[in-house]
Structure formats: structure tokens, C-alpha cells
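Let me begin by presenting the structure, written as C-alpha cells, before commenting on it.
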Amino acid sequence: QVQLVESGGGLVQAGGSLRLSCAASGSSNPIIAMGWDRQAPGKQRESVAAITSGGNTNYADSVKGRFTISKDNAKNTVYLQMNSLKPEDTAVYYCNVRFRRILTYDDYWGQGTQVTVSS
């Protein structure tokens, strides 16, 4: 029932920018947090950025100063603005949304969007 629809991936040259978006729908439970992970070929999935319902943010050291996560509460949408992109940013990016339940929470993941940065 819950759906997360990602968009915004693509191919850019080093130094360029992309903005990813992820819209969540289908749940009546409140959102605790939203975030983005990425996975490059041959590497483990890593957390890139996260934002809580209150607006607190966290970033991986590798993207601090270059990426910005934001959200639109009315649209249940999370964004990732990626500037000064590097070839090492090339990966499939997955959004996630965490919904609150009474004693626990539910995590949902988007289908992933490819980001490729050429040198």
C-alpha cells in the first residue's frame, strides 16, 4: 500500500549538480524521519543523509558541504540536492521513509535511481 516514488537521477559531469526527490504515499501513520542511502558497484550500501520530522539533519562525512537534504511535510516528499558531484558519488540512490507505530516503526524504501558522474 505504501509507495515511494523516486526521481531526479541521471548522468552529469564532475562538478555538476542533481536534485533527487522521493514522494511517499499510502500511509496514515506519522513520519519519523526520511533519508537517502546509496550503493556503488562492489561496495556496501551506505547512509548518505537523513532528516527527522523536526528538521534535524545528518550527513555522511564524504558529502558534507556538498549535499543538502530537505523535506516538504505537506507533500510527504524528501529531496537531496547534490552539488560539486564527484565520480565517487556514482551509485544507485535509495530513499527511505520511517513511519511511526505504537511500539515500533515501519521502514519503506524507494526503487532506487541511478546517479552517474563522469570525470
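Quick caveat, the model's predicted, so the values are computed rather than measured.
When the side-chain hydrogen bond (donor to acceptor under 3.5 Å, both in side chains) test is applied to Q114, the partners found at least two apart in sequence or on another chain are T116. R101 is linked by a salt bridge (Lys or Arg N to Asp or Glu O under 4.0 Å) to D106, counting only residues two or more places apart in sequence or in another chain. For D107, the salt bridge (Lys or Arg N to Asp or Glu O under 4.0 Å) test picks out R98, with sequence neighbours left out. Under the side-chain hydrogen bond (donor to acceptor under 3.5 Å, both in side chains) criterion, R66 pairs with D89, not counting sequence neighbours. Applying the salt bridge (Lys or Arg N to Asp or Glu O under 4.0 Å) test to K43 and every residue at least two apart in sequence or in another chain returns nothing. With sequence neighbours excluded, no residue forms a ring pair (Phe, Tyr, Trp, His ring centres under 6.0 Å) with Y105. For E46, the salt bridge (Lys or Arg N to Asp or Glu O under 4.0 Å) criterion is met by R38, not counting sequence neighbours.
A salt bridge (charged side-chain N to carboxylate O under 4.0 Å, His left out) check over residues 73-88, counting only residues at least two apart or in different chains, returns nothing. The side-chain hydrogen bond (donor to acceptor under 3.5 Å, both in side chains) analysis of residues 47-61, with sequence neighbours excluded, yields the pairs D61-K64. Each disulfide bond (SG atoms under 2.5 Å apart) pair with one or both residues in residues 51-94, not counting sequence neighbours, would appear here, but there are none. Residue pairs meeting the ring pair (Phe, Tyr, Trp, His ring centres under 6.0 Å) criterion with at least one partner in residues 60-102, sequence neighbours excluded, are F99-Y108.
Note that CD of E6 is 7.5 Å distant from CG of L4, once rounded to the nearest 0.5 Å.
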With a 3.5 Å cut-off and sequence neighbours excluded, list the donor-acceptor pairs that the side chains of residues 17-36 form with protein atoms.
| residue | atom | partner | partner atom | Å |
| --- | --- | --- | --- | --- |
| S17 | OG | N83 | OD1 | 2.9 |
| S21 | OG | S7 | OG | 2.8 |
| S27 | OG | N29 | N | 3.2 |

